[in-house]
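Predicted model, so just to flag it, every value in this text is computed and none were measured.
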Amino acid sequence: MKYNTISKMFLNTVEQFAHNHILYYKCKNEWIGLTGKDIEVTVNDISFALKSIGIDAGNKIAILSNNSPRWAMTDYGIICSGAATVSVYPTLIDKQVEYILKDSGSKVAFVEDKEQFDKVNNVWSNCPDLDLVVVMDDSDQSDDKRVINFKEMLDKGTEYAKTYGKTLKELVEDANPEDLLTLIYTSGTTGTPKGVMLTHQNLVSNMLDILDKISITSKDTLLSFLPLSHVFERMSGHFTAFSKGAKIYYAESIETVPQNMTEVKPTLMISVPRLYDKMYAKVLDGIKSAPSIKQKLFWWALGVGTKVSTLKLAKNSIPFMLNKKFGLANKLVFSKIKEKVGGRLRFFVSGGAPLSKEVAEFFSAANITILEGYGLTETSPILTANTEEEIRFGTVGKAMSSVDIKIADDGEILAKGPNIMKGYYKSPEATKEVIDKDGWFHTGDIGEFDEEGFLKITDRKKNILITSGGKNVAPAPIENSILNSVYIDQIIIIGDKRKFLSALVVPAFESVVKYLESKDISLTDNNAIIEHSAARELINSEIEKGMQNFSDYEKVKHFELLSEPFTIESGELTPTLKVVRKVVESNHDELIENIYNN
């Protein structure tokens, strides 16, 4: 069915799939599904509840919560009322929440529970536009008239709809494609977060581009665990999947994703590369400790899978005997890996950060496809994507149908299309810095096309290191290559204005402990591990292995091990798990200076 706004798409879906279960959540060890009709009734109540308290078209309403059907229905309720959703990461601290609520001028905030309510309550006095807080788990017991439970909000909407004079369908008809749909604040890796203004047209155009390239139907099942406050999950696993009536299960938490995968048996999953890196490391780690015969069987199967994958990607036929061997490899080895992700997976989708070519090729050989794409919050987000028909590992695929991409003289990727943001909220100057007079959005990423039109990302423009010898070095490819090691969890390359490259490395402690045990060394304390010569020698050999294909000036000459990982809480990771280089370097400045002064 045709639609030009997200609100029209919503009504299409709930009418078409009124009796189908679409959104699922887990309660008391049981997955509970909501039908299209259930969802429509709740969204209707939210929309009219907002109208009852004077919310007008274009007003901003914040959601501060982890993923759940209530997050999804609140988003649709806000959108159908004509207001705009301000998505706030639930991992943000009070001050960061205050900045977003204040800058956006949010009038209402939907908060998941007491923990999220306390963040808002602590800064409420500094947010003059905020009139009401809705507690989504119905846990509020205060007498504060400015705070209301979710169920009370729904009751308010039910009553108000009776006298409003318009139906939900008529409310939805009032929306225009150019209307503001959402404000999403950038993660702020290079400064103060900016509110990205995305319209109905921005998101709808990106959805239609995706559906033109990738098949999604009502028979598909997704496990949603990336934050819905992130545009990648919001567009792909929320709007696009919903538009086709696919079943969307909300993972209980990041920690329960492996268990939830085996329960839900997803056919599609969307993630950042960190999940695939951890799965890859876990498989290889398991093989290292397996009996010799199992190791031989695994590596034989992987060799067969690699040959088949290479032929498939080249669109060549697979010889009869090789196909027979692949069937055996699939039965004896790959099916066991696939069972860990539920056994029904058609493909994974990866975005948000570069995916290691080695990891992508490994899973392809094991008969599991990862489709990597590329985009930014400002581009709604997807600019390019690999598809089942057209895939090239080590690239982020070809441009979406409605998107134009070109490479500037300095290597920066420029994009133009209906998915490019309206601009940064209340920041016309910042908008002019990234969207030029001809409408080209400057991504800040460096890249190149191969001969077939597949785009390869080299690095962020601002991440390029220039050594004191004048050599330009892109750290991301080096970091990604080293991160293929099962013994390395995180790494940051340093070397801007320095004589040589160095690195701060967080070991994968669980794997390192197992390695040390195999050498009859028993250590469990992280600080003791990073100081032990055997651990340092292991990490050194892994770094050397990862740098084999790089020039001498691109090689790490010195490294230091860290006992604690980069975290969101320390400010070293964004909510989307990107490393904030400036913060890492600042937090470890003394250690870095010692590297270059010794």
Side-chain angles (χ1 to χ4, degrees), residues 103 178 180-199 201-203 205-206 209-210 230-232 234-235 272 351-355 372-385 395-450 453-466 472-477 480 496 574-576 578-582:
D103 188 73
E178 297 78 24
L180 182 67
L181 174 87
T182 189
L183 262 185
I184 303 177
Y185 280 77
T186 60
S187 50
T189 56
T190 56
T192 305
K194 295 184 285 289
V196 176
M197 296 189 288
L198 298 178
T199 65
Q201 182 189 33
N202 290 153
L203 272 300
S205 71
N206 215 226
D209 272 354
I210 287 295
H230 186 262
V231 69
F232 183 34
R234 183 107 165 275
M235 192 282 296
V272 291
L355 175 69
E372 185 178 12
Y374 161 69
L376 302 90
T377 305
E378 292 90 339
T379 62
S380 303
I382 298 179
L383 292 171
T384 68
T395 79
V396 291
K398 294 184 177 182
M400 294 286 100
S401 305
S402 66
V403 175
D404 291 321
I405 293 180
K406 69 178 182 179
I407 308 297
D409 292 341
D410 63 356
E412 185 176 9
I413 300 164
L414 310 184
K416 186 190 280 190
N419 59 321
I420 304 300
M421 67 170 179
K422 192 173 184 177
Y424 293 122
Y425 186 58
K426 297 192 297 191
S427 298
E429 291 307 312
T431 303
K432 283 180 186 174
E433 286 176 17
V434 296
I435 301 178
D436 64 29
K437 58 180 173 45
D438 296 318
W440 288 98
F441 173 72
H442 293 240
T443 65
D445 289 312
I446 303 294
E448 60 190 21
F449 286 108
D450 71 7
F454 289 88
L455 182 65
K456 183 177 181 181
I457 310 294
T458 309
D459 212 323
R460 286 294 290 169
K461 194 173 177 179
K462 291 180 180 177
N463 286 349
I464 299 296
L465 308 175
I466 304 176
N472 283 28
V473 178
N480 290 336
D496 195 45
T574 70
T576 55
K578 294 185 181 75
V579 175
V580 186
R581 292 177 180 272
K582 285 183 180 177

List for me each residue that meets side chain to side chain contact (heavy atoms under 4.5 Å, CB included) alongside Pro477, sequence neighbours excluded, and say none if there are none. Asp459, Ala474, Phe550
Any idea which heavy atoms bring Pro381 and Phe232 closest together, and the distance? CG-CA, 3.9 Å
Hey, are the side chains of Lys194 and Thr431 touching, using non-hydrogen atoms and a 4.5 Å cut-off? no
Do any N or O atoms from the side chain of Thr443 and from the backbone of Ile413 form a donor-acceptor pair under 3.5 angstrom? yes
Taking Asn472 for the side chain and Ile466 for the main chain, is one N or O donor matched with an acceptor at less than 3.5 Å? no
Mind checking the CG-OH spacing from Leu455 to Tyr374? Nearest 0.5 Å is all I need. 7.0 Å
Is the backbone of Gly417 close enough, under 3.5 Å, to the side chain of Ser402 for a donor and an acceptor to pair up by distance? no
Result for side chain to side chain contact (heavy atoms under 4.5 Å, CB included) between Glu372 and one of Val396, Thr395, Thr384 points to Val396
Heavy-atom neighbours of Lys426 NZ exceed 12 at 6.0 Å: yes
Kindly indicate whether the side chain of Ile382, heavy atoms from C-beta on, has any atom under 4.5 Å from the side chain of Met235. yes
Verdict with reasoning, Met421 to Ile435, per side-chain contact (heavy atoms from CB on, under 4.5 Å): CA-CA 9 Å; Met421 67 170 179; Ile435 301 178; 4.2 Å; yes
For the residue pair Arg581 and Asn463, establish whether any side-chain heavy-atom pair is separated by less than 4.5 Å. yes
Are side-chain heavy atoms of Ile405 and Leu383 found at a separation under 4.5 Å? yes
Asn202: which residues meet the side chain to side chain contact (heavy atoms under 4.5 Å, CB included) condition with it, sequence neighbours left out? Leu198, Thr199, Ser380
Exactly one of Val403, Leu376, Thr379 clears side chain to side chain contact (heavy atoms under 4.5 Å, CB included) with Ile420, and that residue is Thr379
Any pair with a residue in residues 406-417 that passes salt bridge (Lys or Arg N to Asp or Glu O under 4.0 Å), sequence neighbours left out, goes on the list, sorted by first then second residue, please. Asp410-Lys461, Glu412-Lys461
Within the 4.5 Å heavy-atom criterion, are Val272 and His230 side-chain neighbours or not? no
Before giving the answer on side-chain contact (heavy atoms from CB on, under 4.5 Å), spell out for Asp450 and Lys456 the whole-Å C-alpha distance, their side-chain angles and the decisive distance to 0.1 Å. CA-CA 7 Å; Asp450 71 7; Lys456 183 177 181 181; over 6 Å; no
Tyr424 side chain to Glu429 side chain, donor-acceptor N/O pair below 3.5 angstrom: no
Side-chain (Asp436) to main-chain (Asp438) donor-acceptor, under 3.5 angstrom: yes
Separation of Ile446 CD1 from Lys462 NZ (nearest 0.5 Å): 12.0 Å
Flag side-chain contact, heavy atom, 4.5 Å: Leu414 against His442: yes
Compare every heavy atom of Ala385 with every heavy atom of Met400, then report the nearest pair and how far apart it is. CE-CB, 3.5 Å
Is any side-chain heavy atom of Val231 closer than 4.5 Å to one of Thr182? no
Atom pair CD1/CZ of Ile407 and Phe449 - distance to nearest 0.5 Å: 5.0 Å
